[in-house]
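So the structure is just underneath, and the comments pick up after that.
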Amino acid sequence: MSKQKIAYWVVTGLVSLSMTGSAIMYLKGAPGMVAAFQHLGYPDYFRIMLGVAKLLGVVALWAPVPRFLREWAYAGFVIDLIAAAVSHTVMGDPLMASVNPVIVLALMITSHQLWHRVSAASAEAQPAAKLAGA
């Protein structure tokens, strides 16, 4: 297995853990999360919708889905993470509340770029394997 492929799985795993963890806390109604959404001025139903969307996004990162669904999952996560950083900044929250989504955003972008590289390398290898009779 190539180093790029290993890096892709590790980074995507970290992003998935972050998204799944927050989604579970949103859906469980963890008191800290409910309070955070109230503090930011978001309605409670938004927390539930975001939790479901995050879980569906994680599934799209790991399941054998069409490319466009995975691209939409990445796009949704990017929008979510930028909105989280902006929301915390605008509300004057402590710096780490804004930095944490930016860190996950950097991992998300890395995962996306590695996915494209691994996919391209896999696509190049498939025709060679067919020619070799594999």
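By convention here, the first residue in the shown sequence is residue 1. From a predicted model like this one, the values you see are computed outputs, not experimental measurements. All heavy atoms count here, side chains included; hydrogens, waters and symmetry mates do not.
- Under a hydrophobic clustering in which Ile, Leu, Val, Met, Phe, Trp and Tyr are joined whenever their side-chain heavy atoms come within less than 4.5 Å, directly or via other members, L27 and V59 fall into different clusters.
- Put simply, V78 and V102 are part of two different groups of oily side chains (I, L, V, M, F, W, Y) that touch within less than 4.5 Å, one to the next.
- A side-chain donor-acceptor contact under 3.5 Å links S22 to the backbone of M19.
- Of the inter-residue distances, the one linking H88 atom NE2 with L95 atom CG reads 12.0 Å to the nearest 0.5 angstrom.
- In terms of heavy-atom proximity, A85 sits nearest to S98 at O-OG, 3.4 Å.
- W115 is not listed as a side-chain neighbour of V11, based on a closest heavy-atom distance of 4.5 Å or more.
- Remark: L14 CG to I103 CD1 distance equals 12.0 Å, nearest 0.5 Å.
- Taking CG of N100 as the start and OG of S18 as the end, the distance is 8.5 Å to the nearest 0.5 Å.
- Nearest heavy atoms, D80 versus K54: OD2-CE, 3.2 Å.
- Using the six-membered ring where Trp is involved, W9 and W62 have ring planes that are parallel, under 30° apart on the 30 and 60° scheme.
- Between V34 and G29, the shortest heavy-atom distance links the atoms CG2-O, 3.6 Å.
- With hydrogens and angles left out, the side-chain atoms of D93 and H39 include a donor and acceptor closer than 3.5 Å.
- A distance of 9.0 Å separates NZ in K5 from OG in S119, rounded to the nearest 0.5 Å.
- Residues L56 and M49 do not share a hydrophobic cluster, defined by chaining ILVMFWY side chains whose heavy atoms lie under 4.5 Å apart.
- Taken together through direct or relayed side-chain contacts under 4.5 Å among Ile, Leu, Val, Met, Phe, Trp and Tyr, L69 and V58 form parts of separate hydrophobic clusters.
- The shortest heavy-atom contact between S87 and Y42 is OG-OH, 2.5 Å.
- The shortest heavy-atom contact between A63 and R70 is O-NH2, 2.6 Å.
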Under 3.5 Å, which donor-acceptor pairs link side chains of residues 104-114 to any protein atom two or more places apart or in another chain?
residue: T110; atom: OG1; partner: A106; partner atom: O; Å: 2.8
residue: S111; atom: OG; partner: T12; partner atom: OG1; Å: 2.7
residue: S111; atom: OG; partner: Y74; partner atom: OH; Å: 2.7
residue: H112; atom: NE2; partner: E71; partner atom: OE1; Å: 2.8
residue: H112; atom: NE2; partner: H116; partner atom: NE2; Å: 3.2

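- When all heavy atoms of A73 and A60 are compared, the pair lying nearest together is CB-CB, 3.7 Å.
- Rounding to the nearest 0.5 angstrom, the gap separating the OH atom in Y26 from the CG atom in L55 is 11.0 Å.
- Rounded to the nearest 0.5 angstrom, M33 CE and M25 CE are separated by 3.5 Å.
- M91 and L81 are members of different hydrophobic clusters when ILVMFWY side chains are connected at heavy-atom separations under 4.5 Å.
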